[in-house]
Amino acid sequence: MHHIPKKSLGQHFLTDKNMIAKIIRSFELLPGYKILEIGPGEGALTHELLNMDCELTSLELDTVLAENWKKIAQDRCDFNCEEVDATKIDWEPFLPVDRLVGNIPYNVSRALLYKAFKHRAGISELIFMVQKEFADKLVAKPGDDAYGILAVLSHTFAETKLLFTIPPSVFFPPPKVMSACVKLIFHDDDINDEFYIKIVQTAFNQRRKTLRNSLKHYFTPELENKFDWGKRVDQLSPNDFCELNQLIIANQQGEA
Ligand code: SAM
């Protein structure tokens, strides 16, 4: 189908066959896998996924594009398309999945990542095409300029890799910036993500202060000797944050 790309929906369609093949290989699919795709668009990835002997659900916000996929889905028992805003709906009915994939709109990358973090127990691996700058924020290590909330969360919940960069020339229309393919392999954890995210965000919101000041609402004298509160947030690794999180929870429960 020929669709006029809508800027408001971040529509930059993949057109390069070699790049599409490279991205599909990075999904490492096996027959029978359950896949959730965000934003099938004109189907650069979707058409390939429909040939992989997998079960596919695609979520598309654009009415015209979604209608097209819904028609195709009528003739298949291994494919379903929903016309929805993937940032707003509950993903639970589509989970668990072996792969969450998508060449996702740049303006909702953060919202989609947070949603994936929330639903990580039902997602084995996530592979997204994102703006390169956003990918850098996901894979950054302590000391890197891009190190911040996203890096701490992604390293806490997953093994996070930047697989390869993607030039503007493989999209129509070409975006103004480089893109990258990132993979997050989620591991099991029992972290209360709402509480954890709040601590990480509170600490990073006051980057220049020591933890004793930025996390003063969580700090009590009992915790003084259990952690180095004189550090600044960008000196903390994701493991340090997990330790801090456990200490604060134990302290609040009267066990520290
Ligand atoms: N997968 C196609 C490709 O690689 O060529 C399209 C990628 S395009 C960058 C992003 C797609 O996501 C578009 O089809 C757009 O309509 C859709 N989209 C944008 N915002 C969305 C949202 N909130 N929920 C679901 N789909 C969305």
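Numbering of ligands and ligand atoms starts at 1, following listing order. Counting begins at 1 with the first residue of the sequence. Since the model is a prediction, treat every value here as computed from it, not as a measurement.
- Checking D62 against H3 by side-chain atom types alone, a donor-acceptor pair falls below 3.5 Å.
- Relative orientation of the H119 and W91 rings is parallel, given thresholds of 30° and 60° on the angle between their planes.
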Which protein N or O atoms sit under 3.5 Å from any N or O of ligand 1? Give atom names and distances.
unit_1: ligand 1; atom_1: 1 (N); unit_2: G39; atom_2: O; d: 2.8
unit_1: ligand 1; atom_1: 1 (N); unit_2: P40; atom_2: O; d: 3.4
unit_1: ligand 1; atom_1: 4 (O); unit_2: N103; atom_2: ND2; d: 2.8
unit_1: ligand 1; atom_1: 5 (O); unit_2: L14; atom_2: N; d: 2.8
unit_1: ligand 1; atom_1: 14 (O); unit_2: G41; atom_2: N; d: 3.3
unit_1: ligand 1; atom_1: 14 (O); unit_2: E60; atom_2: OE1; d: 2.8
unit_1: ligand 1; atom_1: 14 (O); unit_2: E60; atom_2: OE2; d: 3.4
unit_1: ligand 1; atom_1: 16 (O); unit_2: Q11; atom_2: NE2; d: 2.8
unit_1: ligand 1; atom_1: 16 (O); unit_2: E60; atom_2: OE2; d: 2.5
unit_1: ligand 1; atom_1: 23 (N); unit_2: D85; atom_2: OD1; d: 2.8
unit_1: ligand 1; atom_1: 24 (N); unit_2: A86; atom_2: N; d: 2.9
unit_1: ligand 1; atom_1: 26 (N); unit_2: L61; atom_2: N; d: 3.3

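- With 3.5 Å as the limit, one finds no donor-acceptor pair spanning the side chains of T202 and N205.
- Shortest non-hydrogen contact noted between V97 and I35 is CG1-C, 4.2 Å.
- Between E28 and R99 no salt bridge is recorded (no basic side-chain N to carboxylate O distance below 4.0 Å).
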Only pairs under 3.5 Å count here: list side-chain donor-acceptor contacts from residues 102-109, not counting sequence neighbours, and write none if there are none.
unit_1: N103; atom_1: ND2; unit_2: H12; atom_2: O; d: 3.3
unit_1: Y106; atom_1: OH; unit_2: S179; atom_2: OG; d: 2.4
unit_1: S109; atom_1: OG; unit_2: P105; atom_2: O; d: 3.3
unit_1: S109; atom_1: OG; unit_2: Y106; atom_2: O; d: 3.2

